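Below is one structure, written out as structure tokens; the observations come after it.
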Amino acid sequence: MKQSGLNLMAGGLLLLGLSASQGMALDLGAKMPSADLKMTNAVGKSMSLADIKGKEGALVIFTCNHCPFVKAWQDRMVKIANTYAAKGVGVAFVNANDPVAIPEDDLDHMRQLAETKGYTFPYLMDETSAVAHAFGATRTPEAFLFDKDGKLVYHGTIDDSTYDAAKVTKPYVENALAELVAGKAISEPETKSVGCTIKFRPNAEKP
Amino acid sequence: MACQVERNIRGAGLWLLLALLALAASSGCRARNAVAPSVCVLAADKLGERIQQSTAPVTLVHVWATWCEPCREEFPELLRVRQDYASRGLELILVSADSPDARMSVERFLAERGVRSGSCLIDNPNAAFIDTLCTNWSGALPASFFFAPGGRLQRWWEGKAEYARYREASEQLLEQVQKKEMTK
């Protein structure tokens, strides 16, 4: 990876960076947190992340309806999720946004989106944003992939081309899923991109 | 019949001419009040070059989006910062993370706020873009980065800030540059 002088300078300001970061995300190798916490799926059924675990592992993507980055990635995300849900990876899309702040992210709109886009997996509402806090998730979309032992093996974004699917050179999540299912180590376990900030509910419980 | 059609065409031509004249007059009027802001689509490496080549004592790169609520809320404060510190050497580079398809919305947003200097629009807000500004940035919007000449990152934060925070950072960094120049 190319490291410009600018990046080196930026690295020198690590302390400043840490103080400015929003929250501490889960470390690689960490166990899935809040797995038993009940959430409501888009059709009103109560379920937890423990319920969705597959024989190969589990993919949890914090997402929502309204975010323009989510919209740009939506079709790619659903395609990947549907493909690997069929290959034994449990999948859940989780919406932790406060629908009072963003009406487009309420349960009704979630159901409509899941139907229109053909989700074959649950789209869950994290009703107190507690699951997002436990994961240290801050953005949408933000993916967390766990292996069959429930340990985090991938955390980050979807791919390296937000707006243009034709220009993807690194399909990060897809690669990680393929490696997981093949029993290989994840070659790029942590990635990032610009995303929408999760609109947490006011006074949401923090772990 | 042919005559009738021809007359109609002539009639239509006249109306078209009048409409064009009216449009020209109204756009001329708009042009006097507010020049359409220019929005250029930029790749991360070009943005990096632009920051490194900036000769301003302090370059503030601000990443935002038209649909981002906190960005919209702090925008007036940001413009006030530029108004107050441009004469002392602060250059503001606006970088929108809107989709390149949304260029018109960005132009409209800027025009409504009287920003004639325009904004860059990043073609792909991926990891390469994040690392161009600061490797520790999570990618949350809005985000502000203060650079010294040559592209040395001096200070940065993510999330909305008030005028006082921008003022404090601008004052401090401009003072540092002044002190350096005096000791030269």
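Here the structure is a predicted model, which is why all the values come from computation and not from measurement. Reminder, nothing fancy here: chain letters follow the sequence lines and each chain counts from 1. What you see below is based on every heavy atom in this structure, not just the backbone, and it leaves out hydrogens, waters and symmetry mates.
No donor-acceptor pair closer than 3.5 Å links the side chain of A:Arg139 to the backbone N or O of B:Gly139.
A:Asp160 and B:Asn124 make their closest contact through O-ND2, 2.8 Å (heavy atoms, listed as atom of the first residue, atom of the second, distance).
Neither the backbone nor the side chain of A:Thr191 comes within contact range of chain B; no heavy atoms are under 4.5 Å apart. Contact of A:Thr162 with chain B is made through backbone and side chain together, with heavy-atom distances under 4.5 Å. Using a 4.5 Å cut-off between heavy atoms, B:Phe129 touches chain A through its side chain atoms alone. With a 4.5 Å cut-off on non-hydrogen atoms, B:Asp101 does not touch chain A at all.
The shortest distance between side-chain heavy atoms of B:Val63 and A:Val194 does not fall below 4.5 Å.
The neighbour count for A:Lys53 NZ, taken as heavy atoms of other residues, nucleotides or ligands under 6.0 Å away, is above 12. Atom NZ of A:Lys71 sits in a crowded spot, with more than 12 heavy atoms from other residues, nucleotides or ligands closer than 6.0 Å. When the shell of 6.0 Å around NZ of A:Lys38 is examined, it contains more than 12 heavy atoms from other residues, nucleotides or ligands. Heavy-atom neighbours of B:Glu162 CD from other residues, nucleotides or ligands within 6.0 Å: at or below the threshold of 12.
Atom OH of A:Tyr163 and atom CD1 of B:Ile122 lie 10.5 Å apart (nearest 0.5 Å). To the nearest 0.5 angstrom, A:Thr197 atom OG1 is 11.0 Å from B:Glu69 atom CD.
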Could you walk me through whether A:Lys192 and B:Asp131 pass side-chain contact (heavy atoms from CB on, under 4.5 Å), step by step? CA-CA 10 Å; A:Lys192 58 190 171 182; B:Asp131 290 347; 2.8 Å; yes
Start with the C-alpha gap between B:Ser99 and A:Phe69, add the side-chain angles, then the distance that decides, and say whether side-chain contact (heavy atoms from CB on, under 4.5 Å) holds. CA-CA 9 Å; B:Ser99 157; A:Phe69 297 122; over 6 Å; no
